[in-house]
Participant: 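My questions all concern the structure below.
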Amino acid sequence: MTGEKWTIYWNEFSSDTYLYGSKIWYHGKNHVEFQNRLMPPGTVIKQWYSRTNYQMQRMEPSLPMIDGEGGYRVTVDIDCREGEAWLIRLIFYDKYDVEAGSVIIRDEMTDFQCPLKTYSYRMQLINGGMTHFHFHSVTIQETDLKANEEKEDLRRGKGRKKL
């Protein structure tokens with residue numbers, strides 16, 4: 001692991017949060033409880049942005065700036081009931097706000113690299129069949145993606161072996 005580490009929390013702003021029939025309790029900075037028994041799977045529950053229009057949205061960016069040259073690790077801390085699931089989708093945009101790619105995260109820890117054209121991105125928390133969960137945080141950390149790939153190749157027996 002190298003580089004910086006950023007922790008993203010669920011702020012108390014209601015914009016970009018699915019509110020229809022939802023009950024939300026803000027227990028603390030790193031503990032938000034969410035309940036909605038009627039929300040269909042695939043619904044975007046919450047969104048975070050790396051770039052915003054303050055005059056229009058009245059909120060500051062909550063995601064760090066990242067580039068397409070580095071590797072990153074996302075660690076998700078969400079507690080939900082057995083058999084229920086969540087998804088995190090990262091959508092990358094170029095400087096003209098055209099989608100340049102996306103990544104779907106289903107595990108608590110995932111490594112990724114964004115497209116080289118990335119100028120901004122957004123992160124979405126998506127309902128994968130949850131009715132009640134506790135959101136704590138999402139952490140994004142810079143990694144040495146090439147070193148991680150080499151270690152994985154060696155573990156699988158695909159890497160170069162020294163004589």
Side-chain angles (χ1 to χ4, degrees), residues 1-13 16-17 27-34 41-54 57 59-82 84-130 133-163:
M1 300 295 290
T2 61
E4 292 191 59
K5 183 177 183 178
W6 303 275
T7 303
I8 294 98
Y9 300 104
W10 185 318
N11 54 28
E12 292 187 30
F13 301 120
D16 298 317
T17 301
H27 299 294
K29 180 179 179 180
N30 64 345
H31 186 191
V32 175
E33 186 176 354
F34 184 94
T43 302
V44 175
I45 299 170
K46 176 74 176 160
Q47 291 194 80
W48 295 265
Y49 301 91
S50 68
R51 193 180 73 159
T52 61
N53 180 340
Y54 186 80
Q57 294 174 308
M59 58 188 288
E60 295 178 5
S62 51
L63 295 176
M65 293 304 297
I66 60 177
D67 62 17
E69 296 180 10
Y72 298 91
R73 173 168 290 158
V74 174
T75 307
V76 182
D77 188 4
I78 298 175
D79 300 326
C80 60
R81 295 178 180 157
E82 188 71 31
E84 295 185 352
W86 49 264
L87 299 168
I88 297 284
R89 179 171 49 197
L90 299 172
I91 305 170
F92 305 103
Y93 297 93
D94 66 11
K95 63 182 176 180
Y96 303 107
D97 268 345
V98 175
E99 187 174 328
S102 65
V103 173
I104 301 287
I105 299 168
R106 292 180 170 93
D107 300 318
E108 292 179 3
M109 188 179 297
T110 303
D111 291 338
F112 75 94
Q113 184 170 6
C114 56
L116 285 173
K117 296 179 184 180
T118 299
Y119 184 75
S120 66
Y121 67 107
R122 78 174 58 161
M123 180 173 70
Q124 299 175 330
L125 172 61
I126 301 173
N127 181 14
M130 299 182 295
F133 65 91
H134 295 262
F135 180 92
H136 300 287
S137 65
V138 174
T139 304
I140 299 175
Q141 183 171 5
E142 290 179 317
T143 63
D144 186 359
L145 198 59
K146 290 181 183 177
N148 290 343
E149 288 174 359
E150 289 172 5
K151 287 178 188 176
E152 189 65 23
D153 286 346
L154 286 174
R155 188 181 69 77
R156 292 181 184 162
K158 295 180 182 177
R160 283 189 251 161
K161 295 179 183 175
K162 292 184 180 179
L163 299 173

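In this text, all values refer to a predicted model and were calculated from it rather than measured experimentally.
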Participant: Flag the pair L87 / I105 as yes when at least one side-chain heavy-atom distance between them is below 4.5 Å, and no otherwise.
Facilitator: no
Participant: For a quick test of reading the model, state the closest non-hydrogen atom pair linking I45 to I126 and the distance between them.
Facilitator: CD1-C, 4.2 Å
Participant: Here's a test for you: under ring pair (Phe, Tyr, Trp, His ring centres under 6.0 Å), which of W86, F34, W48 qualifies with F135?
Facilitator: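 Answer to the ring pair (Phe, Tyr, Trp, His ring centres under 6.0 Å) test with F135 among W86, F34, W48: W48.
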Participant: For residues R122 and Y93, determine if any side-chain heavy atom of one lies less than 4.5 Å from a side-chain heavy atom of the other.
Facilitator: yes
Participant: The test is side-chain contact (heavy atoms from CB on, under 4.5 Å); show your working for Q124 and L90 and say whether it passes.
Facilitator: CA-CA 6 Å; Q124 299 175 330; L90 299 172; over 6 Å; no
Participant: Pair M65, Y119 - check side-chain contact (heavy atoms from CB on, under 4.5 Å), show working.
Facilitator: CA-CA 8 Å; M65 293 304 297; Y119 184 75; over 6 Å; no
Participant: Atom CD1 of I8 and atom OG of S62: how far apart are they, to the nearest 0.5 Å?
Facilitator: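 I8 CD1 to S62 OG: 7.5 Å, rounded to 0.5 Å.
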Participant: What heavy-atom pair brings P64 and S50 nearest, and what distance separates the two atoms?
Facilitator: O-CB, 4.1 Å
Participant: Are the side chains of K46 and N11 in touch, meaning some heavy atoms are under 4.5 Å apart?
Facilitator: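 Sidechains of N11 and K46: in contact.
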Participant: Roughly how far, to the nearest 0.5 Å, is CD1 of I140 from OG1 of T7?
Facilitator: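 Rounded to the nearest 0.5 Å, the OG1-CD1 separation comes out at 9.5 Å.
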Participant: Please determine if R51 and D97 form a salt bridge, counting it only when a charged side-chain N lies under 4.0 Å from a carboxylate O.
Facilitator: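 Looking at D97 together with R51, the answer is yes, because their closest N to O distance falls below 4.0 Å.
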Participant: Would R73 and Q141 count as having a side-chain donor-acceptor pair, cut-off 3.5 Å?
Facilitator: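 Short answer, no.
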Participant: Hey, mind stepping through Q47 and L125 against side-chain contact (heavy atoms from CB on, under 4.5 Å) and telling me if it holds?
Facilitator: CA-CA 6 Å; Q47 291 194 80; L125 172 61; over 6 Å; no
Participant: Inspect the surroundings of CZ in R81 and state if more than 12 heavy atoms from other residues, nucleotides or ligands are less than 6.0 Å away.
Facilitator: yes
Participant: Between V138 and Y9, is any pair of side-chain heavy atoms under 4.5 Å apart?
Facilitator: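 They are not in contact (no side-chain heavy atoms under 4.5 Å apart), so the answer is no.
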Participant: Atom NZ of K117 and atom CD of E99: how far apart are they, to the nearest 0.5 Å?
Facilitator: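 Between K117 NZ and E99 CD, I get 11.5 Å after rounding to 0.5 Å.
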Participant: What's the spacing between W10 CH2 and I78 CD1 if we round to 0.5 Å?
Facilitator: 8.5 Å
Participant: So which heavy atom on A100 is nearest to which on P115, and how close?
Facilitator: O-CG, 3.4 Å
Participant: Show the numbers, then the answer: is there a side-chain contact (heavy atoms from CB on, under 4.5 Å) between Y72 and D111?
Facilitator: CA-CA 6 Å; Y72 298 91; D111 291 338; over 6 Å; no
Participant: So which of D77, N30, D79 actually passes side-chain hydrogen bond (donor to acceptor under 3.5 Å, both in side chains) with H136?
Facilitator: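 It is D79, the one option of D77, N30, D79 that forms the side-chain hydrogen bond (donor to acceptor under 3.5 Å, both in side chains) with H136.
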Participant: Side chains of H134 and H31: any donor to acceptor distance under 3.5 Å?
Facilitator: yes
Participant: For the residue pair M130 and C80, what are the closest heavy atoms and their distance?
Facilitator: SD-CB, 3.9 Å
Participant: Given 3.5 Å as the limit, does a donor-acceptor pair link the side chain of D107 with the main chain of M109, or not?
Facilitator: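 Judged by distance alone, no pair lies under 3.5 Å.
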Participant: Any chance you could measure T75, atom OG1, to I88, atom CD1, to the nearest 0.5 Å?
Facilitator: 11.5 Å
Participant: Could you grab the distance from atom SG of C114 to atom CD1 of I91, nearest 0.5 Å is fine?
Facilitator: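 That separation rounds to 13.5 Å.
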Participant: Would you name the heavy atoms of R106 and I104 that are closest together and state the gap between them?
Facilitator: NH1-CG2, 3.7 Å
